[in-house]
Amino acid sequence: MTEVRRQHERYEIELPVVVVAAGDEISGVTINVSLGGMLLRLSKPMTFGASLVLRVQLPSARESSDMDAVVRWVKDDGTIGVQFTSLRARDTWALNQLLKSK
């Protein structure tokens, strides 16, 4: 069996997050974070492939970040894995600052 290497290292970080999907706002928390995406635990289930916006306050940013993402996997326990589809420069900078501190 071949070991799969992730493109970005994951860091266990817990931050409150609001997921905006199809006009719905769903509260949750991050479980881990990388430059490529996040593992989230949400209060409502999501569907695989759903496009969404993650609203999260990164410690280094002055205001909350709205990051576009897509659901890449869903588990029965309410966790989902999301991949960022685009990040603004300020969000990339704030993520890098957060991850460097870990």
Side-chain angles (χ1 to χ4, degrees):
M1 185 177 221
T2 308
E3 182 181 326
V4 176
R5 293 194 158 237
R6 297 196 182 278
Q7 185 175 0
H8 302 286
E9 187 172 351
R10 293 177 177 207
Y11 297 88
E12 289 186 23
I13 299 170
E14 189 174 307
L15 296 169
V17 64
V18 173
V19 172
V20 182
D24 233 2
E25 289 192 2
I26 302 161
S27 61
V29 63
T30 63
I31 298 169
N32 68 43
V33 178
S34 77
L35 285 176
M38 296 178 170
L39 175 63
L40 307 171
R41 179 168 288 112
L42 301 178
S43 60
K44 286 185 177 177
M46 292 293 301
T47 57
F48 174 81
S51 294
L52 42 88
V53 175
L54 307 173
R55 187 165 295 142
V56 62
Q57 178 66 52
L58 298 171
S60 303
R62 290 188 194 133
E63 56 192 50
S64 67
S65 297
D66 285 356
M67 297 180 244
D68 296 328
V70 64
V71 177
R72 290 295 178 209
W73 58 263
V74 178
K75 286 193 172 179
D76 292 337
D77 67 359
T79 57
I80 66 168
V82 300
Q83 179 181 15
F84 301 130
T85 54
S86 65
L87 290 175
R88 292 176 293 193
R90 72 178 185 97
D91 297 333
T92 301
W93 178 84
L95 271 172
N96 272 310
Q97 295 303 307
L98 174 65
L99 300 180
K100 280 195 319 190
S101 72
K102 296 300 171 186

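Excluded from the calculations below are hydrogen atoms, water molecules and symmetry mates; all remaining heavy atoms, backbone and side chain alike, are included.
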Separation between CE of Met46 and OG1 of Thr79, rounded to the nearest 0.5 Å: 13.0 Å

Hydrophobic cluster partners of Ile31 (side-chain heavy atoms under 4.5 Å): Leu39, Trp73

For Glu14, does the CD atom have more than 12 heavy-atom neighbours from other residues, nucleotides or ligands under 6.0 Å away? no

Going from OG on Ser60 to CG on Leu98, what distance comes out if it is rounded to the nearest 0.5 angstrom? 6.5 Å

Show, in sequence, the C-alpha distance, side-chain angles and deciding distance for Leu95 and Phe84, and conclude whether the side-chain contact (heavy atoms from CB on, under 4.5 Å) test is met. CA-CA 12 Å; Leu95 271 172; Phe84 301 130; 3.8 Å; yes

Under a 3.5 Å distance rule, please check whether Ser34 uses its side chain to pair with a backbone N or O of Gly36 as donor and acceptor. yes

Does one hydrophobic cluster hold both Ile26 and Val17, with members joined at side-chain heavy-atom distances below 4.5 Å? yes

Evaluate the criterion side-chain contact (heavy atoms from CB on, under 4.5 Å) for residue pair Val74 and Thr47; output intermediate values, then yes/no. CA-CA 7 Å; Val74 178; Thr47 57; 5.9 Å; no

Is the CG atom of Asp77 crowded by more than 12 outside heavy atoms at less than 6.0 Å? yes

Where do Lys44 and Asp24 land on the side-chain contact (heavy atoms from CB on, under 4.5 Å) test, with the steps shown first? CA-CA 10 Å; Lys44 286 185 177 177; Asp24 233 2; 3.5 Å; yes

Scanning both residues in full, the closest heavy-atom pair of Pro16 with Val56 reads O-CG2, 3.4 Å

Could you pull out the closest heavy-atom pair between Ala69 and Leu54, with the gap in Å? CB-CD1, 4.0 Å

Salt bridge check: are Glu63 and Arg90 linked by an N-O gap of less than 4.0 Å? yes

Between Leu52 and Ala21, the two heavy atoms sitting closest are CB-CB, 4.1 Å

In one Ile/Leu/Val/Met/Phe/Trp/Tyr side-chain cluster, 4.5 Å: Val19, Val70: no

Pick one: which of Leu58, Asn32, Leu99 meets side chain to side chain contact (heavy atoms under 4.5 Å, CB included) with Ile13? Leu99

Strictly distance-based, threshold 3.5 Å: is any side-chain N or O of Ser64 a donor or acceptor partner for the main-chain N or O of Arg55? no

Same cluster or not: Val18 versus Met67, using hydrophobic residues (I, L, V, M, F, W, Y) connected whenever any side-chain heavy atoms lie under 4.5 Å apart? no

Evaluate Leu87 against Leu35 for side-chain contact (heavy atoms from CB on, under 4.5 Å), listing each step before the verdict. CA-CA 9 Å; Leu87 290 175; Leu35 285 176; 5.7 Å; no

